[in-house]
Engineer: 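Would you mind keeping the following structure in view while I ask a few things?
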Amino acid sequence: MTDLFIHDSAARTTRRFEPIDPNHVRMYVCGPTVYDLAHLGNARPVVVFDVLARLLRRIYPRVTYVRNITDVDDKINARSRESGEPIGAITARTTEDFHRDMAALGALPPDVEPRATQHIAEMIALIERLIANGHAYAADGHVLFSVPSFADYGKLSGRSPDELLAGARVDVAPYKRDAGDFVLWKPSDDATPGWDSPWGRGRPGWHIECSAMSWKHLGEEFDIHGGGHDLIFPHHENEVAQSVCAFPGHGFAHYWMHNGMLLVDGEKMSKSLGNFMTVRDILDKGWRFGEAFRLLLLRTHYRQALDFTMAGLEEAKAELDDHYAMLSRAPAAPGGGIASQLADWAVAPLLDDLNTPLALARLRDLRTLENAVTVGGSPAVAMERARLTVPPAPGVAAKAFREAAGVLGVAAWNADDWLKGRAPRADAAVPGAMLSAQVSHLQGQAVASGQHDEEADIDAAIAARLAARKAKNWAEADRIRDELKAQGIVLEDGPAGTTWRRA
RNA sequence: GGUCCGGUGGCCGAGUGGUCAGGCACAGGUCUGCAAAACCUGCUACGGCGGUUCAAUUCCGCCCCGGACCUCCA
């Protein structure tokens, strides 16, 4: 395994990744504010940084991946006022929905998933440090960060405080010393959640939670901080200001990574625009569309904008169908040797700032290699790209495929279950946490459909067709095939007999 | 208005100063009772105008178009 390079938003260039401690890589990614179902755009950073976490774990002996849950926020308060549902119920339910949806996208849980409400003490401690260091002040029940006190403010997002003010879209609160100052702590009235603090009963501002939680779980300084591109300003800019000023001499995050926005009809999908589609909407099309959506996300480089279309989702689903068909055909083969060499070749593009589209192209070459040696055909073109001089033995390319696909987190299901559209039963490679979350959500669908009886009917129809074919009664054989096709069952005649799959 | 990112073949989408991306769709072929699957072949593009260079899709400048951010946002 060679070196990893990642694009650092702060440096605005791609840098070789050099961990603070090669024996323990630490990463923080901004998680959801839990007041509503996750939309498609929310899923992008989850999937992107899931791939990064998998890659880091392949390279380094220990990785701590922290992704927070923001369960105190004025949007949550507003939702509660509108619906009458208690705040605790909203956040608990939405957190559970989020876990379920992300699991259905094949995202492994982070190592630590801190809740903002459980880190109020750390936030208060940070704010006290900032006041003591002369970077924050209390005013009118609020505590504000003093932007002019931090010379590097604006460095991350690449703007000067003057520019920021020129385009500011909000009125400046009277208690601010400087128009750019932002809230660390604000007072709560009796109807709003609040915690006792040196400045009275109140609640945290938006940015302080991430500074507090990354500090608590990763320390004053850590390797990678990730999130959506739209968080660079003000969220991440303010995080830097808070953390660096609270802990002078520490660099906070060494690398900043930001994923591009997911668009729909050419515009950013966002809750404020109301043009969003939820992950749940995708899953309602069938459990296989969870992984199809994950593949769709990875087919575009993470820093590019991605325009979501249903046609793209269907294409991703079809690609997975072909992958699983290959996997179900391939014989078992030992790992190591050529298999690991091919897996490394397929994964290698990820080392270049997570070039998932190229890695996926190599996965397709592994599929072609396997198909050529197990089904028949020429593996020459794929061999050339994979720099092979001899065709791999049957099963070897599939073995490599499984290993490389595991880093991308795709093609993780049992191949036969996928093809036959059965209740998902993940392969052993899929960790239990993911399995249980997916099965609990999805198992009901298949069981309710009376799947076992249906499969018996399909097998009977295939047997009847076989008899017709033996009698050279082609009309009857084709009639049976067409009848099954109308039910979404596709038959394939091969040398080893007839197989079927669900379209 | 300010800052930044992008415009690649019918569609999606990597990448590169000179030699292959890849996928989908489409067309043809091998195989097959037919079909499907699989494999093979074809389809050869880099928004516009200048500049640098022996050579630019790739570097620079300008223009056009799209998008993001400018204290709700993944």
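Here the structure is a predicted model, which is why all the values come from computation and not from measurement. Below, all heavy atoms of this structure are taken into account, side chains as well, without hydrogens, waters or symmetry copies. Each chain gets a letter, A, B and so on, in the order its sequence line appears, and its residues count up from 1.
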Engineer: How is A/His235 classified with respect to the nucleic acid when contacts are heavy atoms under 4.0 Å: base, sugar-phosphate, or nothing?
Structural biologist: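 Nothing, no nucleic acid heavy atom in range.
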Engineer: Can you tell me whether the side chain of A/Lys268 and the base of B/C73 have a donor-acceptor pair closer than 3.5 Å?
Structural biologist: yes
Engineer: Counting side-chain heavy atoms from CB outward, which of B/C34, B/A14, B/C73 is closest to A/Ser270?
Structural biologist: B/C73
Engineer: Anything under 30° is parallel, anything over 60° is perpendicular, the rest tilted; go ahead and classify A/Phe182 against A/His207.
Structural biologist: perpendicular
Engineer: Have a look at A/Gly312 and say if it touches a base, only the backbone sugar-phosphate, or nothing, with a 4.0 Å heavy-atom cut-off.
Structural biologist: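 No contact.
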Engineer: What nucleic acid atoms does A/Arg465 come within less than 4.0 Å of, heavy atoms only: base, sugar-phosphate, or nothing?
Structural biologist: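 Counting heavy atoms under 4.0 Å across all strands, the contact made by A/Arg465 includes a base.
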Engineer: Is the phosphate of B/A36 approached by A/Trp500 (side-chain N or O, under 4.0 Å from OP1 or OP2)?
Structural biologist: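 Negative; the distance criterion is not met.
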Engineer: Just to confirm, is there a sub-4.0 Å distance from OP1 or OP2 of B/C39 to any side-chain nitrogen or oxygen of A/Thr368?
Structural biologist: yes
Engineer: Quick check: does any side chain N or O of A/Thr70 sit under 3.5 Å from a backbone N or O of A/Thr33, one acting as donor and the other as acceptor?
Structural biologist: no
Engineer: Ignoring hydrogens and geometry beyond distance, is the side chain of A/Arg481 in donor-acceptor contact with the base of B/A35 at under 3.5 Å?
Structural biologist: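 Flag set: donor-acceptor pair detected.
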Engineer: What would the secondary structure line of RNA chain B be in dot-bracket form, counting Watson-Crick and G-U wobble pairs under 3.5 Å, with [ ] for pairs that cross earlier ones and | for pairs with another strand?
Structural biologist: (((((((..(((.....[...))).(((((.......)))))....(((((..]....))))))))))))....
Engineer: Can you tell whether the side chains of A/Asp416 and A/Arg422 come within less than 4.0 Å, N to carboxylate O?
Structural biologist: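 Looking at A/Asp416 and A/Arg422, the cut-off is not met.
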Engineer: So which nucleotide from B/U71, B/G22, B/G33 ends up closest to the side chain of A/Phe182?
Structural biologist: B/U71
Engineer: Students often get this wrong, so: under 4.0 angstrom with heavy atoms, is A/Met326 touching a base, only sugar-phosphate, or nothing?
Structural biologist: nothing
Engineer: Please classify the nucleic acid contact of A/Glu319 as base, sugar-phosphate, or nothing, using heavy-atom distances under 4.0 Å.
Structural biologist: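 Counting heavy atoms under 4.0 Å across all strands, no contact is made by A/Glu319.
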Engineer: Can we say A/Arg469 and A/Asp493 salt-bridge, meaning some charged N sits less than 4.0 Å from an Asp/Glu carboxylate O?
Structural biologist: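 Yes, this pair counts.
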Engineer: Distance check needed: B/A68 C1' versus A/Leu263 CG, whole Å only.
Structural biologist: 9 Å
Engineer: Just checking A/Val381: base, sugar-phosphate only, or nothing, at a heavy-atom cut-off of under 4.0 Å?
Structural biologist: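 It contacts sugar-phosphate atoms only.
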Engineer: Heavy atom of residues 370-379 of chain A under 4.0 Å from RNA chain B: which residues?
Structural biologist: A/Asn371, A/Val375, A/Gly376, A/Gly377, A/Ser378
Engineer: Ignoring hydrogens and angles, are the base of B/G22 and the side chain of A/Asp365 linked by a donor-acceptor pair under 3.5 Å?
Structural biologist: no
Engineer: Do the rings of A/Phe145 and A/His135 sit parallel, tilted or perpendicular, given the 30° and 60° boundaries?
Structural biologist: parallel
Engineer: Looking only at atom types and distance, does a side-chain atom of A/Asp344 sit under 3.5 Å from a main-chain N or O of A/Gln341, one as donor and one as acceptor?
Structural biologist: no
Engineer: Between A/Phe308 and A/Phe293, how do the two ring planes meet: parallel, tilted or perpendicular, split at 30° and 60°?
Structural biologist: perpendicular
Engineer: Between A/Arg502 and A/Lys420, is there a donor-acceptor pair closer than 3.5 Å when you use the side chain of the first and the backbone of the second?
Structural biologist: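 Present.
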Engineer: Tell me: CG of A/Leu262 to P of B/C5, nearest whole Å?
Structural biologist: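 After rounding, the gap between these two atoms is 21 Å.
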Engineer: Do any of residues 491-499 of chain A sit with a heavy atom less than 4.0 Å from RNA chain B, and if so which?
Structural biologist: A/Leu491, A/Glu492, A/Asp493
Engineer: Verify whether one side chain among A/Tyr137 and A/Asp181 offers a donor that lies under 3.5 Å from an acceptor in the other.
Structural biologist: yes
Engineer: For A/Glu315, is there an ion pair with A/Arg299 - N to carboxylate O distance below 4.0 angstrom?
Structural biologist: yes
Engineer: Which of parallel (below 30°), tilted (30 to 60°) and perpendicular (above 60°) describes A/Phe150 and A/Tyr153?
Structural biologist: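 Perpendicular: the ring planes of A/Phe150 and A/Tyr153 meet at over 60°.
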Engineer: On the nucleotide B/G15, are OP1 or OP2 found under 4.0 Å from the side-chain N or O atoms that A/Asn355 carries?
Structural biologist: yes
Engineer: Report yes if a side-chain nitrogen or oxygen of A/Arg159 is closer than 4.0 Å to either non-bridging phosphate oxygen (OP1 or OP2) of B/G2; otherwise report no.
Structural biologist: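 No, no such contact exists.
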Engineer: Under a 4.0 Å threshold between the charged nitrogen and the carboxylate oxygen, would A/Arg294 count as salt-bridged to A/Glu291?
Structural biologist: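 Looking at A/Glu291 and A/Arg294, the cut-off is not met.
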Engineer: Nearest of B/A38, B/A68, B/A74 to any side-chain atom of A/His229?
Structural biologist: B/A68
